[in-house]
Amino acid sequence: MKRKPTLAAVALGAVITLGLSACGGGGGGGTTSGGGDNQGAAAKGEFNAALTKVFNPSTKKGGTLKFANPGEWDSLDPADTYYAYTWNFIRLYGRALVMFKSAPGPDGNTVVPDLAESLGKPSKDFKTWTYTLRKGLKYEDGSPITAKDVKYAVSRTVDRETFPNGPTYMGDMLNWPKDYKGPYKSKGANIDSAIETPDDHTIVFKLKQPYSGFDYLAQMPGTMPVPEGKDTGTKYQEHVISSGPYMFEKNEIGKGFSMVRNPNWDAATDPNRPALPDRIEVQLKVNADDMDNRLLSGDIHVDVTGNGVSSAAQGRVLSDPNLKAGTDNAVMQRLWYTSVSPTVKPLDNIDCRKAVLYATDRAGYQSAYGGEFTGGEIATGLLPPTVPGFERFDLYPAGPDNTGDLNKAKEHLTKCGQPNGFETNIAYRAERPKEKQTAEALQQALGRVGIKLTLKPYPQGDYFSLYAGKPSYVVENKLGLSVNGWGSDYPDGYGFLQQIVDSRVIRPGGGSSNVSVRIPDVDKMIDQSLTEPDAEKLKPLWAQIDKRVMEEAVILPGVWAKALLIRGKGLTNVYVSDSQQMYDYVGLGVQQ
Amino acid sequence: MVTYIIRRLIAAILMLLIVSMVTFAIFFLVPRLAGATPEGMASRYVGRTASEETAKLAAERLGFNDPVIVQYGNYVKGIVFGAEYDYGPGVETCPAPCLGYSFITRQPVWPDLLDRMPVTFSLAVGAAVIWVLVGVGIGVVSALKRGSLFDRAAMTVALAGVSLPIFFTGLISLVALSYGNPFSIFAQGGHYTPITENPIMWAYNLILPWVTLAFLFAAGYARLTRAGMLDTMNEDYIRTARAKGLAERVVVTKHGLRGALTPIITIFGLDFGLLIGGAVLTESTYSLQGLGKYAVDAITNNDLPKVMGVTLLTAVFVIVANLIVDLLYAVVDPRVRLS
Amino acid sequence: MTAPLDVSGPHLPGDEGAGPSAGAGVAIQGRSLSQIAWARLKRDRVAMAGLAIVVFLILVAVFAPLIVNLFGHPPLQHYRNMVDPTTQVPKGAFGGISTDFLFGVEPQNGRDIFSRVVYGARISLLIAFLATLLSVVIGTVLGVVAGFAGGWVDTIISRAMDVFLAFPILVFAIALAGVVPDEALGLSGDTLRVSLLVFIIGFFNWPYIARIIRGQTLSLREREFVDAARSLGARRPYIIFRELLPNLMAPILIYATLLIPTNILFEAALSFLGVGVRPPTPTWGGMLADAVRYYTVPHFAIFPGLAIFLTVLAFNLFGDGLRDALDPRAR
Amino acid sequence: MTVSPATDAFLELRDLRIHFPTDDGLVKSVDGLSYRLDRGKTLGIVGESGSGKSVTSLGVLGLHNRRNAQVSGEIWLDGLELVSAPEDVVRGLRGKKMAMIFQDPLSAMHPYYTIGNQIIEAYRIHNKVSKSVARKHAIDMLGRVGIPQPDRRVDDYPHEFSGGMRQRAMIAMALSCDPELLIADEPTTALDVTVQAQILDLMRDLQREFDSALIIITHDLGVVAELSDDILVMYGGKCIEYGSTDDIFYNPEHPYTWGLLGSMPRLDREPTDRLQPIKGTPPSLINVPPGCAFSPRCPYGSRTGGLSTGEVPELTESRGGHKVRCHMPPAERRSIWESDVKPMLETT
């Protein structure tokens with residue numbers, strides 16, 4: 001089974017994103033809406049005002065909602081997208097069978113029906129899931145949305161050659177015919193063994209193995225309907241046929257796009273989407289530093305990536321109470337950590353690994369990611385606090401100022417037979433300044449007890465496939481430490497832990513995120529979890545896995561990530577939902 | 001004349017071949033020599049979640065399993081005859097010159113290049129106008145007033161100009177004049193308005209990059225022009241012109257400048273050709289989405305078809321610019337015969 | 001643009017003292033020329049200022065550890081107590097500049113900018129010098145060969161130069177520096193990166209030198225003393241090494257000096273674009289790249305930027321002065 | 001500056017000094033030169049390169065490097081003093097009243113303009129005529145200097161002409177405005193011998209035709225022998241001997257002139273004979289030796305009892321306008337010439 005969640009931070013090609021620039025301020029090139037300032041004053045907020053409740057609630061429709069993206073979409077095609085923010089945004093023009101509730105805080109973790117009338121109805125063995133579509137659903141061109149379109153859409157996701165970016169859950173879990181390669185290459189193949197559509201409103205998914213959490217998979221963009229007649233393969237992303245409240249007006253791949261109301265979307269069939277703005281505009285490849293200034297000035301409303309402010313703007317925003325009041329410090333379900341490889345000598349000795357963990361300057365690690373607000377909370381274990389099953393514990397106390405316990409570290413170094421320290425390498429992704437900072441910080445911290453690190457930057461595109469994720473490379477090149485990070489696709493202990501602690505995901509050919517965890521007990525516990533349908537009962541198990549991994553000292557946790565989001569001027573109905581871990585784009589509106 | 005152009009065209013094609021081969025080698029041969037497998041190389045184009053099978057499929061789709069020379073041959077074939085591209089439900093023809101499809105976005109490269117060209121072109125043209133006028137003007141005045149306060153001041157500034165990295169001047173200019181402060185009078189980076197849409201905004205948004213880029217080049221051109229003028233004004237024919245009783249102004253403009261500018265035309269051709277192929281550092285500093293930024297982003301993402309496209313296009317620009325310069329040279333200098 | 005110097009002595013009608021002693025004669029003239037040039041150079045205060053800065057920078061680079069010991073802190077050491085933990089910006093006014101931290105500290109990790117700028121001089125100068133040396137060697141050899149051999153050899157080398165000049169060099173350099181693995185040819189770490197950068201920078205710059213040397217060789221080849229040597233049956237190597245090279249020394253020297261600042265800028269650009277020497281080894285270009293993310297803390301950019309500026313300027317001043325001294329006609 | 005009264009001579013130089021301060025010292029290119037020249041007469045100025053002969057004539061036309069030259073003395077041209085005259089006035093005279101033929105016609109003509117254009121330009125500066133009239137004049141001039149098919153060659157570029165033709169064109173350009181003073185700076189040096197003779201013939205004919213004053217500057221005594229009425233020998237920025245052509249050729253009194261004569265190739269001598277070089281090199285104009293500038297090379301310097309290295313000799317009249325700058329008494333000079341030098345020149 002391969003569940004490969006990845007919300008890994010969006011690669012922004014950070015190497016060369018410089019260029020700064022000005023907020024529209026005095027006389028910029030941007031469109032400055034005349035009364036922007038007054039409106040901002042009208043809805044004066046405070047820090048974290050949109051974290052647990054709706055800020056500036058509104059039901060008033062109209063206006064243009066402006067997004068900016070410092071990079072570009074992986075794809076707009078529902079079959080081919082895997083960025084966290086795209087899954088948030090895609091709900092504006094696509095409707096899956098079910099969806100995360102658009103609501104502030106933990107409430108947003110609930111799955112609610114979308115195209116379907118209700119959540120999926122599982123068979124007793126959890127191997128068959130049935131959904132019934134609502135009546136009166138239409139595409140933007142007025143043609144009806146049928147169960148067959150959903151079936152077709154899911155079958156597309158199987159074609160990994162045409163759509164390499166999207167998640168593979170459906171392809172892996174449904175009972176597809178042997179050698180099925182998607183609707184283009186296996187034209188006309190009968191796929192009823194995987195999906196059946198007894199009528200236009202009913203769709204039945206058939207799994208290879210039982211899975212009690214199928215609704216989580218059904219909320220993914222893969223179940224958003226695609227009319228077969230309008231499908232143009234790799235070019236479909238140029239004009240995705242909308243099933244949601246907005247449809248594409250103009251789309252220039254790599255530059256930006258605009259969306260207008262979909263006249264054939266009927267609010268009566270859609271209880272989840274307030275659809276407040278009349279129009280949505282998205283600019284791509286916006287200079288990251290410029291973007292923050294424009295957000296502060298109200299020139300644009302939302303940084304669509306949800307990555308938070310840049311390093312440069314951070315100082316400005318946090319030191320000015322007025323600016324700080326316009327931000328929200330969203331908690332992510334993401335852990336930034338460093339793998340400690342027991343396959344590299346002398347880290348095969350647990351005491352040497354413990355020495356590394358004790359010698360780590362946690363405050364320095366936090367600092368490397370930007371400190372408390374933009375970096376996150378100092379992590380003492382794997383599971384982030386918002387993931388069910390989280391328990392707070394600390395096996396390697398780092399002293400009152402969190403800069404490490406050098407005495408303990410030396411103690412363990414002596415135990416492991418390296419009293420004067422040792423030399424090893426630390427890998428990181430060259431394009432990520434924060435990982436570079438982390439590597440440098442660890443080099444400093446471990447240097448205090450004689451552990452000498454050499455920095456090894458690798459291109460992020462090949463990081464897991466060729467370097468840090470390839471076991472033989474790790475051994476040959478003595479990559480004792482490798483900077484890493486992980487976020488889950490949906491709020492669930494399994495989704496978060498399995499990919500980074502299950503030793504069976506490690507492949508000799510490389511490519512897995514788990515670089516260092518090979519603990520038989522943990523593998524057993526993971527298997528145990530699969531047969532337990534009750535999520536409540538699983539919670540202690542997740543904590544147990546977390547502790548077991550930490551005991552082995554094969555993962556050096558860094559920070560549980562947070563993002564400092566700028567609440568764009570003039571936004572209404574703003575809230576961060578736990579499922580999106582950024583502003584929930586379905587709810588947003590703008591003042592007029 | 002015709003044979004001359006034919007010979008130049010053959011040379012140009014040869015050069016394009018060499019340029020493309022070297023680019024290809026850098027991206028395919030070097031990693032192969034360093035031990036990467038076709039699947040390994042393909043895996044960077046299929047996202048992190050891809051299984052080995054996906055990587056294999058991608059390697060097959062991208063043709064990585066073929067020997068490098070075959071891949072190169074296919075690429076060249078695409079440029080000459082066009083290529084076919086499987087977009088899923090059907091097959092699309094990419095007409096010649098087909099520069100291929102991005103490994104990552106799977107968009108054809110050629111329209112991208114066409115899309116980026118106006119940005120770089122606007123940047124280059126505007127800056128070139130400024131630097132030629134300012135640089136040559138200052139160079140001439142400096143040469144004529146050699147040793148004067150103006151000369152010394154101008155040459156000091158020019159020397160400083162050629163000694164400043166553009167990513168430093170760009171940064172400082174943005175921080176000083178653009179980023180949200182009281183002096184924020186200029187457009188922020190990353191804004192580009194097509195001239196066809198709004199010529200005033202077009203110019204306004206480009207002023208800072210123009211000036212920064214032009215400063216660097218103007219400094220160099222002022223130095224070149226000054227040296228050229230000094231050389232020329234020492235020529236015998238200048239003395240002859242004076243001996244005829246010509247006014248000094250005419251001596252300088254009609255006799256001096258014409259001789260001094262011809263070598264500058266050559267250098268300008270090369271500079272301009274390289275620049276419209278992508279002003280890498282300026283575009284990066286100001287986040288202008290031109291060819292240079294396109295190239296750098298493509299390199300960062302290992303998106304070979306894009307890199308190939310830009311380098312080839314740049315080489316074409318340089319070659320064309322050189323050809324124009326040579327033709328111009330023949331017009332300006334009757335001693336040069338095109339044969 | 002500058003026709004380099006003319007070393008041939010005055011030719012009187014009937015001056016027939018040349019012949020066998022031509023080589024020695026040239027050598028004597030060469031020496032006296034260098035003396036004259038040095039005398040001229042000494043009078044050029046601007047050039048001497050450039051030279052003084054160059055010498056100073058070389059000393060800084062050589063004695064970096066000592067200087068940092070006296071006035072700074074280890075360049076890799078983090079001083080997080082100097083940085084505000086919330087905003088990540090250095091504490092205090094002007095980026096934490098104090099008697100302790102002369103140029104202030106970096107945001108986020110609090111490294112001593114002074115020490116890093118001082119150490120940055122090492123990489124910058126080392127790469128610039130070695131790359132220049134490489135360009136000069138390749139350029140001189142190919143230039144002399146092309147100019148002396150003529151014919152198809154000349155054609156091939158000249159075409160090669162054209163090709164190089166039409167390359168989008170920066171793009172190639174970034175690409176090449178980006179794909180080379182971290183260990184190759186038995187080298188690794190900074191040694192490999194420095195070698196690689198020296199190779200890239202030096203290799204792409206040779207045509208500039210070669211073009212000039214070729215032109216000089218062409219004109220020298222036709223000079224009387226070469227003719228004389230040839231008529232006396234001197235062999236090619238003799239002519240090249242004893243007659244041509246001494247006369248090419250001056251242009252080589254001038255253009256090498258003027259190539260160094262170009263190479264410093266090239267290295268800085270590559271480091272800036274993230275393909276230079278690996279962090280945490282301090283480089284000026286790399287510091288500027290980091291500084292971009294913290295443009296609200298301008299001192300972070302200003303010091304490495306000024307270091308690049310000053311170094312390049314000093315070499316340019318000195319190079320210009322040297323050219324003027326060796327080739328008075330260019331003044 | 002006090003200006004002495006005008007003279008009756010067409011051209012007169014009085015104590016002309018042109019000095020150039022340089023980093024390496026003061027270059028005294030012309031150091032106290034005086035001579036006069038009448039209409040229709042020809043003066044030959046002879047000297048080695050670096051003797052200051054070219055700078056002198058450039059100074060007359062005001063073409064010396066004005067930026068850093070220090071000029072003193074007087075230049076009278078047809079009643080007008082040029083040194084103190086405003087630049088504009090001098091420029092108005094250039095090309096019209098006085099013109100110059102330069103040494104190397106290839107570099108002296110602008111490579112980018114046709115021969116015709118360059119002549120037309122010269123003509124139209126001083127004559128307000130239409131282009132077509134000027135063009136006719138240019139063709140006419142080219143014809144007069146002996147260029148075949150001038151109506152076609154007028155549109156050629158300098159590089160398309162042969163060396164001799166170029167020099168003819170140069171002469172045509174200089175003569176286009178009918179100048180009263182013509183200065184030819186090494187007019188034949190760049191040409192081969194047969195062409196040299198043609199050009200010299202041409203210049204003689206044209207001088208007669210235009211009745212202009214002509215100064216020929218050369219290092220080649222053979223050239224002036226044919227054309228000049230008078231000859232001025234320059235050395236180290238100074239005149240060291242001045243006299244009629246006959247004086248200089250048959251009764252030269254300065255050892256340097258003897259040396260020049262000795263190094264002159266002559267048709268009446270055996271071609272196998274070695275030329276007699278003057279030993280040593282010309283003096284640097286920065287560090288002119290104390291005393292007589294020629295003393296370091298002078299084989300007779302010892303005969304002056306140390307005077308030649310101690311004191312600068314005056315230019316003194318020897319007989320009938322023949323002036324010599326030498327410490328040796330005239331009688332001794334004549335006897336050396338008659339007994340030592342002349343026989344050697346004739347017999348060897």
Side-chain angles (χ1 to χ4, degrees), chain B residues 140-152 155 226-266 325-339, chain D residues 54 57-58 60-68 87-115 117-127 155-160 169-170 173-174 176-177 179 182-183 185-186 190:
Chain B
V140 169
V141 176
S142 258
L144 295 180
K145 300 190 168 187
R146 181 149 59 123
S148 68
L149 190 67
F150 174 88
D151 177 30
R152 274 180 290 168
M155 284 305 111
R226 180 179 180 272
M229 273 305 274
L230 287 181
D231 269 3
T232 312
M233 294 307 281
N234 276 332
E235 291 281 355
D236 286 353
Y237 58 76
I238 294 298
R239 201 179 51 192
T240 311
R242 291 204 179 108
K244 290 176 185 174
L246 274 180
E248 192 62 20
R249 188 179 45 81
V250 183
V251 172
V252 169
T253 50
K254 193 173 164 192
H255 292 252
L257 205 53
R258 186 146 178 212
L261 283 188
T262 12
I264 292 187
I265 292 176
T266 321
V325 161
D326 284 354
L327 294 174
L328 210 61
Y329 225 112
V331 175
V332 173
D333 186 343
R335 287 173 299 179
V336 177
R337 287 248 176 78
L338 302 179
S339 54
Chain D
S54 291
S57 43
L58 289 174
V60 172
L61 265 74
L63 292 177
H64 56 278
N65 191 338
R66 289 181 167 272
R67 182 179 306 281
N68 49 6
E87 159 68 14
D88 276 356
V89 172
V90 181
R91 200 190 67 227
L93 299 176
R94 281 205 293 266
K96 178 154 185 64
K97 189 135 190 138
M98 49 189 183
M100 191 151 175
I101 298 166
F102 293 99
Q103 174 173 3
D104 177 4
L106 184 59
S107 62
M109 297 184 98
H110 203 296
Y112 298 170
Y113 297 102
T114 61
I115 299 276
N117 270 336
Q118 300 191 45
I119 298 176
I120 292 168
E121 183 186 43
Y123 187 61
R124 291 188 69 209
I125 297 167
H126 305 286
N127 299 280
D155 291 325
D156 280 358
Y157 288 95
H159 70 275
E160 293 170 309
M170 186 82 217
M173 190 158 82
S176 63
C177 293
L182 186 63
I183 302 178
D185 186 357
E186 305 269 13

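By convention in this document, chain letters (A, B, ...) are assigned in the order of the sequence lines, proteins followed by strands, and residues within each chain are numbered from 1.
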- chain B interface, residue from Gly95(D), Pro111(D), Gly92(D), Ser176(D) that has the most non-hydrogen pairs under 4.5 Å: Pro111(D)
- Item | Between Glu235(B), Glu248(B), Lys254(B), the one whose heavy-atom pairs under 4.5 Å with chain D are most numerous | Lys254(B)
- Task: Assess whether side-chain contact (heavy atoms from CB on, under 4.5 Å) is satisfied between Ile125(D) and Lys96(D), documenting all intermediate values.
- Result: CA-CA 9 Å; Ile125(D) 297 167; Lys96(D) 178 154 185 64; over 6 Å; no
- Message: Using heavy-atom distances under 4.5 Å, tell me whether Leu58(D) contacts chain B through its side chain, its backbone, both, or neither.
- Response: side chain
- Task: For the residue pair Glu121(D) and His255(B), confirm or rule out a side-chain donor-acceptor distance under 3.5 Å.
- Result: yes
- Do any N or O atoms from the side chain of Arg242(B) and from the backbone of Val251(B) form a donor-acceptor pair under 3.5 angstrom? no
- Expected output: side-chain His126(D) to main-chain Lys97(D) donor-acceptor under 3.5 Å: no
- Identify which part of Ala247(B) has an atom lying under 4.5 Å from any heavy atom of chain D, answering side chain, backbone, both or neither. both
- Message: What part of Gln118(D) gets within 4.5 angstrom of chain B, counting heavy atoms only: side chain, backbone, both, or neither?
- Response: both
- Query: Do you know which of Arg91(D), Met173(D), Arg94(D) makes side chain to side chain contact (heavy atoms under 4.5 Å, CB included) with Lys244(B)?
  - Reply: Met173(D)
- Query: Counting heavy-atom pairs under 4.5 Å to chain B, which of Asp88(D), Leu63(D), Thr114(D), Leu93(D) comes out on top?
  - Reply: Leu63(D)
- Task: Counting only heavy atoms closer than 4.5 Å, note whether Tyr112(D) contacts chain B via side chain, backbone, both or neither.
- Result: both
- Note on the structure: Shortest non-hydrogen pair, Pro179(D) vs Ala174(D), comes out as CG-O, 3.4 Å
